[in-house]
Amino acid sequence: MLPKISFKLPPAKQTVEEYIASLIQKCPNLRTLHQIHGHFLKYPSPISHYALTKILSFSALSSSGNLRHARKVFDQFPQPNVFCWNSMIRGFSLVQHPSKEPIILYKEMLRRGFAYPNSYTLAFVLKACSIVLAFWEGMQIHSHAYKHGLDSSMFVQNALLNFYAKCEEIDYARSVFDEIPDRNLVVRSTMISGYARVGLVNEALELFREMQEVGIEPDEVTMVSVISACAKAGALDLGRWVHAFIERKKIKFDLELGTALIDMYAKCGQIERARNVFNEMEEKDTKAWSSMIVGFAIHGLVDDALEHFSRMLESKVKPNHVTFIGVLSACAHSGLVNDGRRFWSGHA
DNA sequence: AAGTATTACA
């Protein structure tokens, strides 16, 4: 008996592969995906392998997907191909849930020796290393990249640069950067954020200047790191100049950039400017609220800190440990021990 | 078949 779903013939001008890919993309829920999955398991055809691979990558990567399901599909392949491995490695590299799982998968891939890593594999597993700061593993992967000639891929190059930068191995990062022939916007932004991260403010700003010199226009991602460098340096004049630059160049004012500006103004002693930026933001997430609250705390503005904390809860944004550092340090500033205890125990 | 860079911590 056929499953409940029926497969229409693909419209003309579409290959069967394209048709299956679009079918899986359009899956409204996991149940439908399971039905399609079941169909291909039940009726093996030359196309089934392709379809199962697509289902695997969809489950691993799509936001409506499901990693457990991806794993189940993956385990059914006796010999997964490189595309399957890559989908798994990337799917398990979640910033929200850091784990060494992608690194374990990579090692398992090498051990089995059926599929060989390509530039996608290395870029994905290096990203995973940079999330969990797996310095030793990342260095080994760097040497694999070199040995197998995969370090000529710009994605691998940037992944290596980003990995060393996240591990705060800034000298390694810089030597990777210097070896990259095509230092595009992303590569330069990665290096700038690395310098900003370790507090090498002048180096960050020098690179920012240099990229404009060679005619590469910074975007909103670049500017977040540049602003953060100003914040770390406490360089108000420079920060204001950079803010004006953002407006002059019509750079997209997004959530991240707004948050960076709030932090910069707060750290440079301009709490009212920070507040203005905050008020101009249409959307505020945990980090935006927390930066504002911590800013008030730094300035001893207890009432503002507490009021914003209440407003944050009202707008259903979840506080995290940074928010509480802000709230509690504001209370500490004014000796409001009882208020502090109240907020801590959640009876705000 | 697919991909790179972003911020807050008394």
Side-chain angles (χ1 to χ4, degrees), chain A residues 15 17-18 20-22 24-25 49-51 53-54 56-58 60-62 81-87 89-91 93 95 118-127 130 153-163 165-166 173 177 180 182-194 196-197 211 218-232 251-252 254-264 266-267 274 278 284-300 305 319-333 340:
Chain A
T15 65
E17 283 90 344
E18 284 165 349
I20 290 170
S22 75
I24 293 167
Q25 289 294 316
H49 189 266
Y50 175 87
T53 307
K54 268 285 170 200
L56 164 62
S57 76
F58 178 81
L61 302 175
S62 144
N81 64 19
V82 61
F83 186 85
C84 293
W85 284 105
N86 292 350
S87 303
I89 291 172
R90 189 152 96 95
S93 299
V95 190
N118 59 18
S119 68
Y120 290 85
T121 323
L122 293 196
F124 297 156
V125 74
L126 281 167
K127 170 81 184 184
S130 65
S153 148
M154 64 186 294
F155 293 101
V156 173
Q157 290 164 352
N158 195 67
L160 280 167
L161 168 57
N162 181 50
F163 161 70
K166 289 274 152 60
F177 178 81
I180 298 177
D182 177 25
R183 293 193 282 269
N184 61 18
L185 172 65
V186 174
V187 168
R188 286 173 195 270
S189 300
T190 307
M191 191 70 233
I192 292 173
S193 92
R197 176 178 297 274
M211 76 184 275
D219 68 0
E220 69 278 5
V221 180
T222 322
M223 297 319 290
V224 168
S225 301
V226 174
I227 291 280
S228 145
C230 296
K232 287 207 163 147
I251 290 174
K252 202 170 126 221
D254 61 11
L255 188 57
E256 289 77 17
L257 194 46
T259 305
L261 284 169
I262 293 168
D263 178 58
M264 185 273 291
K267 292 213 168 92
F278 181 80
K284 292 142 182 155
D285 66 353
T286 301
K287 287 175 180 174
W289 281 104
S290 303
S291 302
M292 192 69 250
I293 291 169
V294 169
F296 287 133
I298 294 172
H299 289 258
N320 67 7
H321 72 282
V322 181
T323 325
F324 281 108
I325 288 172
V327 172
L328 292 174
S329 80
C331 295
H333 270 295

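This one's a predicted model, so the numbers in the text were calculated from it and none came from an experiment. Every chain is numbered from 1 and lettered A, B, ... according to where its sequence line falls, protein lines coming before strand lines.
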Under the side chain to side chain contact (heavy atoms under 4.5 Å, CB included) test, which residues partner A:Lys232, sequence neighbours left out?
->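 Only A:Val201 meet the side chain to side chain contact (heavy atoms under 4.5 Å, CB included) criterion with A:Lys232.
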With A:Ser153, which residues qualify under side chain to side chain contact (heavy atoms under 4.5 Å, CB included), at least two apart?
-> A:Ser119, A:Phe155, A:Val156
Give one of base, sugar-phosphate or nothing for [X], where a contact means two heavy atoms less than 4.0 Å apart.
X: A:Thr190; answer: sugar-phosphate
X: A:Lys267; answer: sugar-phosphate
X: A:Asp219; answer: base
X: A:Arg188; answer: nothing
X: A:Ala159; answer: nothing
X: A:Ser57; answer: nothing
X: A:Asp285; answer: nothing
X: A:Asp182; answer: nothing

With sequence neighbours excluded, residues passing side-chain hydrogen bond (donor to acceptor under 3.5 Å, both in side chains) with A:Thr190 = A:Asn158
Sequence neighbours excluded, which residues qualify as ring pair (Phe, Tyr, Trp, His ring centres under 6.0 Å) partners of A:Phe296?
->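 Ring pair (Phe, Tyr, Trp, His ring centres under 6.0 Å) check on A:Phe296 returns A:His308.
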Nucleotide range of DNA chain B contacted by chain A, 5' to 3', under 4.0 Å to a heavy atom?
->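 In short, chain A contacts DNA chain B from B:dA1 to B:dA10.
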Solution key, residues 319-328 of chain A side-chain donor-acceptor pairs under 3.5 Å, sequence neighbours excluded:
unit_1	atom_1	unit_2	atom_2	d
A:Asn320	OD1	A:Val322	N	3.0
A:Asn320	OD1	A:Thr323	N	3.2
A:Asn320	OD1	A:Thr323	OG1	3.1
A:Thr323	OG1	A:Ser290	OG	2.8
A:Thr323	OG1	A:Asn320	N	2.9
A:Thr323	OG1	A:Asn320	O	3.3

